[in-house]
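Reading through the structure tokens given below for one structure.
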Amino acid sequence: MNVENTFTFDFFQYTIVSHVFTFGYAAMAAGLVYFVLTSKNSLPRYQLSSTLSAVVMLSAFLELLVISQKWDSAFSWDGEAFSPTGTLFSNGYRYMNWTIDVPVLLLQMLIVLGVTGAAFRRGWIVFTVAGLGMIYTGYAGQFYEVERSAPFWIWGSISTVFFLVILVLVYRTVYGNVGRLPAEVRPLVKAVWWLLLVSWMLYPGAYLMPAIWDSADGVVARQITYTIADVTSKVVYGILLAVIARKVSKHEGHDEAVASDVTMPRGGITDVAAPGRAA
Ligand code: RET
């Protein structure tokens with residue numbers, strides 16, 4: 001049972017959540033187009049990362065569409081407010097979506113940062129095991145969020161231990177590999193760490209929201225938090241990795257990466273476009 005089902009919502013609260021969900025799945029659909037169409041701009045060894053971003057986009061698109069439909073059917077206007085219909089809204093779908101997305105997002109990082117061999121296999125195993133441990137213990141805990149009894153706190157704490165393991169390994173992966181990459185992408189690689197840290201921290205924040213702000217407004221804040229977390233940890237993160245992959249590919253002379261660089265001045269075009277110059 002999630003706290004969403006324990007409140008009635010005024011027109012603004014209900015509608016804002018509805019709109020936020022729509023933004024969420026629209027962003028995933030948009031991301032899907034971007035990742036499919038730009039994957040060839042990088043060397044073949046990085047293209048799997050774009051494919052994996054597309055997998056993340058499709059799974060999140062479907063999950064957010066379902067959750068949005070649940071929201072619509074879980075509440076109806078009774079003349080004064082949107083009140084529960086008896087059909088339950090559930091954040092549990094999110095956890096099932098993370099089962100796919102968390103291991104895949106971390107795998108993408110290993111690919112783009114050029115981790116290979118035994119380090120790649122070890123990283124992939126630790127990320128997957130710790131990721132699933134984090135998700136399923138959190139999933140167990142969220143069933144107790146209404147009463148916030150012991151299991152809510154115990155499962156939440158165990159989940160946090162797995163989360164810390166992941167963060168340590170992400171930090172080591174980023175800072176252990178940044179030096180091998182071309183100088184121009186190093187700030188972007190460090191940005192991967194900061195983006196992941198900040199965007200992933202929003203999820204435990206959303207888990208704790210019922211304990212911090214147990215009201216209809218708290219529900220609105222929680223769904224906005226989840227949506228910001230989803231768009232930053234999946235779409236923005238995927239774009240950042242795609243840009244790093246393209247820049248490294250360009251550095252290594254990959255034709256498509258050179259040709260698709262929109263920031264490179266091209267003689268003829270610059271001449272025509274330059275204002276105040278005789279043709
Ligand atoms: C839970 C339970 C409470 C404690 C912690 C949690 C962490 C969740 C995280 C989820 C990340 C999800 C991502 C999904 C992208 O698709 C499970 C809420 C620490 C970090 C990145």
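Side-chain atoms are counted along with the backbone in the values below, which use heavy atoms only and exclude waters and symmetry mates. From a predicted model like this one, the values you see are computed outputs, not experimental measurements. For ligands, and for the atoms within them, numbers begin at 1 and follow the listed sequence.
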Among all protein heavy atoms in this structure, tell me which lies nearest to atom 11 (C) of ligand 1, with the distance rounded to 0.1 Å.
Tyr203 CD1, 3.3 Å
Would you call the rings of Phe61 and Tyr25 parallel, tilted or perpendicular if under 30° counts as parallel and over 60° as perpendicular?
perpendicular
Check whether the side chains of Thr263 and Asp261 place a donor and an acceptor atom closer than 3.5 Å, and report yes or no.
yes
Taking Ser260 for its side chain and Asn41 for its backbone only, find out whether a donor-acceptor pair lies under 3.5 Å.
no
side-chain hydrogen bond (donor to acceptor under 3.5 Å, both in side chains) evaluation trace for Arg94 with Asn97:
CA-CA 5 Å; Arg94 297 186 178 279; Asn97 167 252; over 6 Å; no
If the plane angle is over 60° it's perpendicular, under 30° parallel, otherwise tilted; pick one for Trp193 and Tyr175.
perpendicular
Give the numbers and elements of all ligand 1 atoms closer than 4.0 Å to a heavy atom of Ser233.
15 (C), 21 (C)
Thr99 and Tyr136: side-chain donor and acceptor closer than 3.5 Å?
yes
So which bit of Leu208 gets within less than 4.0 Å of ligand 1, heavy atoms only: side chain, backbone, both or neither?
neither
I need the nearest protein heavy-atom contact for atom 3 (C) of ligand 1: residue, atom name and distance, please.
Tyr207 CG, 3.6 Å
Check ligand 1 against Pro204 and write out every atom of the ligand that is under 4.0 Å from a heavy-atom position of the residue.
5 (C), 7 (C), 19 (C)
Students often mix this up, so state it plainly: with edges at 30° and 60°, are the rings of Trp98 and Tyr203 parallel, tilted or perpendicular?
perpendicular
Element-labelled atoms of ligand 1 that are located less than 4.0 Å from some non-hydrogen atom of Gly138
2 (C), 17 (C)
Are any of the N/O atoms in Lys234 less than 3.5 Å from those in ligand 1?
yes
Relative to the heavy atoms of Gly156, which atoms of ligand 1 are at a distance of less than 4.0 Å?
4 (C)
Taking 4.0 angstrom as the limit and counting only heavy atoms of Leu105, give me the atoms of ligand 1 inside it, by number and element.
15 (C), 16 (O)
Looking at non-hydrogen atoms alone, which of Phe162, Phe163, Trp153 comes nearest to atom 19 (C) of ligand 1?
Phe163
min-distance protein heavy atom vs atom 14 (C) of ligand 1 -> Trp98 CD1, 3.4 Å
Minimum-distance protein heavy atom relative to atom 21 (C) of ligand 1:
Trp200 CE2, 3.2 Å
Atom 5 (C) of ligand 1 has as its nearest protein heavy atom Ser159 OG, 3.4 Å
Specify side chain, backbone, both or neither for Val102, according to which of its non-hydrogen atoms lie closer than 4.0 Å to ligand 1.
side chain
So, do Phe82 and Phe9 have ring centers that fall under 6.0 Å from each other?
no
Would you say the ring centers of Trp124 and Phe120 fall short of 6.0 Å from each other?
no
